[in-house]
Structures are given as C-alpha cells and as structure tokens.
There are 2 protein chains.
Amino acid sequence: MPDATVARLPEYLRTLSRLAERGIHSVSSEELAAAVGVRSAQLRKDLSHLGSYGVRGVGYEVETLALEISRVLGLTGDWPVAIVGMGNLGRALASYSGFVTKGFRIVGLFDDDPHLEGEQVGGITIRPLHELAAQVEEHPIAIGVIATPSRAAQDVCDSLVAAGVASILNFAPVTLTVPVSVDVRRVDLSTELQILAFHAQRRALAAAGLNERGDRRGDDLIDAHQHLGPVVSR
Amino acid sequence: MPDATVARLPEYLRTLSRLAERGIHSVSSEELAAAVGVRSAQLRKDLSHLGSYGVRGVGYEVETLALEISRVLGLTGDWPVAIVGMGNLGRALASYSGFVTKGFRIVGLFDDDPHLEGEQVGGITIRPLHELAAQVEEHPIAIGVIATPSRAAQDVCDSLVAAGVASILNFAPVTLTVPVSVDVRRVDLSTELQILAFHAQRRALAAAGLNERGDRRGDDLIDAHQHLGPVVSR
DNA sequence: CTCACTTTGTGCATCGCTTCACAAACGTCT
DNA sequence: AGACGTTTGTGAAGCGATGCACAAAGTGAG
C-alpha cells in the first residue's frame, strides 16, 4: 500500500465519521473527495487498495467503509502509548481527547524532573524515565511520544528503543538515530512555520511585482488582498 | 522550487546551526546529508535550487549556507504570529521557544472563553477573537495559528482570512475551506498516530508470520525484538 | 427485458521527485 | 605547471504517485 495512501486514510476516516454523525449512510466518491479536499479519482484509487467496498452506480456505505479503514489502520486494536516529557507540550498531549477516541490509550507518563515526580495528569502518575523498563514489564508500550527538549530526545529515544518500543512520535526538532526496524515520525512546529514563511515571502514578492531576486517585473501590480480567488478545501 | 525541497530546507538549516555551534565551519554534502538523514545526491540537488554555494573539492561553508537558506525561507524578515485558542495546546505553543529563535514573533493571543480574557501568557494578554480586526489594524499578522477545538476551527479560520491573514497553521483535525490564495498547513497528532499504528500492525503481523489477511505464512517465525537491524537517522 | 443513467474500479499517460553517474571545478603536492 | 584526489553540480534514468478516461457493473424506469 502506497505511503501517500496511508497518510490520507485517517482523513477519509475522520470525514466518514462526521458524515455518520450527521446521519448520512451513503456517499459517492465525488462527494467524499470534495469533503476531504482531494480529487475523486485519487480517492477511488486509494480505496481500491483496501478492496472493493463500493457499489457501482450507488457509492460507498459510510459505516462499512469507516469500519474497513479503521481495520486497515489497526484502530480496531488497542495501542498503549507512553509520553516522555511533561512540559507544556507533554501535558497538552496527555489531555488531548484525540488519543482516547480511536484505540489509543495512555498508559505511562515520564519526566526526569524530580519536581514533577508523583504528580498526576489525567489520572496517570508521572514517573522518572528509569522506571520505563519496569513499566514495560507489566504493561507493554506500543507507541512512545517524545515531548522533551531537543537535547534529551536522543537519550529518551534510546531508552524507548531499549525497552522494545518500535513506534515513536517525535516532537523534538532533531533527527533521531534508531535501528531500521523502529518507525519514527516527526512533528515539528518550527519546520511548518518556516514552510509557511517561505510561501508567504513568495506571495509578498509576487504581489509587489518583484521576482525572487528582488528585481521589478514587467506586469501590473495586483492587490492580492482584494483578489483571493475561488475557495478550496485544505 | 520543488515543495519537497522546501520541506527539507528547515532540516538542513537546523543541522547547519548545530554544526556552527560546535565550531565546524566547513562540511561536505556527504557529511551534512548523513547528519540530516538524507542521501547526499538529494542534498546537493536541493541546494542547487538555491544557487551555487559550494566549492568543488572542498564542500560548503557552514555559515554562508545557513545564511542563504535563512534568506530563501524568509527568516531574515520578521513574521508576526497570532495564536487562536488558549487551551493546553495554545499555551504550549505560546511558550514554545522555537517561535522566537528564527524571525517569528507572537503578537496576539486570542480566545473567546471569558474566563481567560485579560490573562497574560508569556507577556501577551489574551483577547477575545472579535478584537482580531482591531489588532490587525495596529499590528499586521502574517501567520495565524489555530489551536481551537475542531468545531470552532472553520469560523476562526474565516475570521483570520477576513482579517487578511494569508498563512494559517491548523492544529485542529478538520479540513479548512479557504480562498486559494490562502496557504494552510495542518499538523495533526491523531493522523500521525494512526499512520504509526498502521505500520506497527504490519510489523506485528509480519513478525507473527502472518500476511495481511491473518493467514499463516510459510516462512519461519522471526523474533523481531532480537533483530533490530542497522541504524538509520530519521 | 431493455434502455438510460449513474458511479465504481482501473489501465494508461503524465508528472514530479529521487537516485545514479559523471564531467567540471577546485585544492594540493610535486 | 602538471598530475592527482576530492567534491560539487547536473543531465538522464528510474520510480512512485496523480489524473484522465472509459469499460464494467450496478440501479431504476418503461
């Protein structure tokens, strides 16, 4: 299954759940694609990787399709999660409702700051990182979330890997080194901001009638603020 | 410039900054690529889009390259940021140090909860969203960050767009509808977890000697925990 | 049953990104 | 100056994802 498809499945699932809440039981690829913000051909090709769950001339049954995507993504199982680093971000994550909704369950909170030890967040007690191994003995951990400062991230990662955690979600802005069998995904606010800044700068230069080098262009000035163009779903 | 390249530039910049801190002034594409976790050919092709900043037979000067990437990403400018939604996540973002480091400056915090109005976070006073327009009059906002619950996200987005904000970073798990001229990037914890879960499930099935349908495979069982394989940078 | 209409699933062309492989360019050593 | 080793920058090939266009498969009406 293509990575690009896997990355879109959660979007499809979320949109399907929303449709189900609204009491909609059937949807065409055209409608669903519009709601998600992709082309209908792409949606159909993506879904074709799951098997044949649509009915020609009719569309897809919302509940069936949602269940199938859940199954493929592994959300029918139970995924115990540990969060390491209980600063602002760690707390935000620990109290994030999105965790509980779909098979993810927080079973451990870790931080080496002695001031935090013993404190409870969302009913879970914060423990020092060296207790990770013991924790894993009792309750295995499938996914580790790193919400520590950058300098601690690699050490924390090594501890997680040593404890047998094979899936890591890294919020620290560093490239982690891990065995190939360990799956790491990084979420980085600052990278996202920089990408936005790049495009914003391009727009600003274009709107000022300048090219990338800062030279004047020949064409007329455009007040971009007045001409936002057609709407799209992102 | 390819989107994929733009997405990697922040990584390169971060790694270069780290090298500069360590007093390293020159680096080859091979070394830098290894530190970032990409192939050297890819790094060179990416950098070639910026112009010719390397010296054949020698490598790249760290400071020069870092400055050039900063310039291309627009980080030499000043990007005023507003955060909407002052829950756990909004607070984590507001106190995130990565903001200040590279040209990003928080100039507004908004939340419609009357209990939060007037409270200060990081020296900035929380204001209700309807004051956004007035705020923009005084101090323009280049980037809007949506850290609200999903149900409020589209309305908040509309307000930001109406106020002239053309770059939006969305942490709410919804697809926003905006004019084409507005740039939206989404960061979604729950999507990332689901992608991790998908791969984890695959590994689990493979390790158990099963294929995707749950049937037994013919080959021998492998204890994946004992064979983590070579290390890679992610 | 047959026809008209709708919508899926997919072969195929296309596009964009990655990787390879090498000539060009630079420093160094003799 | 010339030969040698190193590393960049880049055509070209390779590869995966996207978008098009249509046959296949379904529904419903007459």
Side-chain angles (χ1 to χ4, degrees), chain A residues 1-12 15-16 19 24-66 68-69 72 175 191 195 198-199 202 232-234, chain B residues 1-12 15-16 19 24-66 68-69 72 180 191 195 198-199 202 232-234:
Chain A
M1 167 133 24
D3 283 355
T5 295
V6 175
R8 281 186 294 268
L9 289 182
E11 314 298 320
Y12 300 158
T15 304
L16 285 168
L19 291 176
I24 297 171
H25 296 284
S26 179
V27 69
S28 72
S29 64
E30 207 69 53
E31 295 163 340
L32 183 54
V36 174
V38 300
R39 306 245 167 219
S40 65
Q42 174 144 271
L43 174 63
R44 288 199 299 276
K45 182 144 291 189
D46 283 342
L47 295 185
S48 76
H49 290 290
L50 311 182
S52 196
Y53 290 90
V55 180
R56 296 176 192 228
V58 177
Y60 300 88
E61 210 212 332
V62 173
E63 286 80 1
T64 309
L65 188 54
E68 180 57 22
I69 294 178
V72 169
T175 302
T191 297
I195 296 172
F198 172 82
H199 291 296
R202 288 207 134 196
V232 288
S233 292
R234 301 248 170 91
Chain B
M1 167 134 22
D3 284 354
T5 295
V6 175
R8 280 185 295 268
L9 289 181
E11 315 298 321
Y12 300 158
T15 304
L16 286 168
L19 291 176
I24 297 172
H25 297 284
S26 179
V27 70
S28 72
S29 65
E30 206 69 52
E31 295 164 339
L32 184 53
V36 174
V38 300
R39 306 244 167 223
S40 64
Q42 174 143 271
L43 174 65
R44 288 198 300 277
K45 180 138 291 191
D46 283 343
L47 295 184
S48 76
H49 290 290
L50 312 183
S52 195
Y53 290 89
V55 180
R56 294 174 192 230
V58 178
Y60 300 88
E61 209 211 332
V62 173
E63 287 80 2
T64 310
L65 188 54
E68 180 56 21
I69 294 178
V72 169
V180 284
T191 296
I195 295 171
F198 171 81
H199 291 296
R202 289 207 133 195
V232 288
S233 292
R234 301 252 169 89

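Below, chain A is the first sequence line, B the second, and so on; all start at residue 1.
Considering only heavy atoms from C-beta on, B:Ile195 stays 4.5 Å or farther from B:Phe198 through its side chain. Between A:Glu31 and A:Tyr60 the shortest side-chain heavy-atom distance does not fall below 4.5 Å.
Whole-Å rounding puts the A:Met1 CE to D:dG16 C1' distance at 15 Å. Per the geometry, CZ belonging to A:Arg56 stands 14 Å off P belonging to C:dT7, to the nearest Å. Between the OH atom of B:Tyr60 and the P atom of D:dT6 there is a distance of 18 Å, given to the nearest Å. In this structure, A:Asp46 atom CG and D:dT18 atom P are separated by 7 Å, rounded to whole Å. One can place CZ of A:Arg39 at 19 Å from C1' of C:dG9, the figure rounded to the nearest angstrom. Distance CG (A:Leu43) to P (C:dG9): 10 Å, rounded to an integer number of Å. The distance from atom CD of B:Glu31 to atom P of D:dT7 is 8 Å, rounded to the nearest whole Å. One interatomic measurement links the two molecules: CG of A:Leu47 to P of D:dT18, which rounds to 13 Å at whole-angstrom precision.
Base engagement by B:Arg44 is indicated by at least one non-hydrogen atom pair under 4.0 Å involving a base atom.
Here D:dA17 is the nucleotide among C:dC20, C:dT8, D:dA17 with the atom lying nearest to any side-chain atom of A:Pro2. The side chain of A:Arg8 lies closest to D:dT18 when the candidates are D:dT8, D:dT18, C:dA21.
For the atom pair A:Ile69 CD1 and A:Leu16 CG, the distance stands at 5.0 Å (nearest 0.5 Å). One finds the CD atom of B:Glu63 at 9.5 Å from the OG atom of B:Ser26 (value rounded to the nearest 0.5 Å). Distance check, rounded to the nearest 0.5 Å: CD of B:Glu30 to CZ of B:Arg44 gives 7.0 Å.
For D:dG19, the base has a donor-acceptor partner in the side chain of A:Lys45 [N/O atoms by modelled type, under 3.5 angstrom].
At D:dG9, one or more side-chain N or O atoms of B:Ser52 fall inside 4.0 Å of OP1 or OP2 (strictly under the cut-off). Distances shown here put a side-chain N or O of B:Ser29 below 4.0 Å from the OP1 or OP2 atom of D:dT8.
Comparing A:Gln42 and A:Gly57, the nucleotide of DNA chain D nearest to each residue sits closer to the 5' end for A:Gln42.
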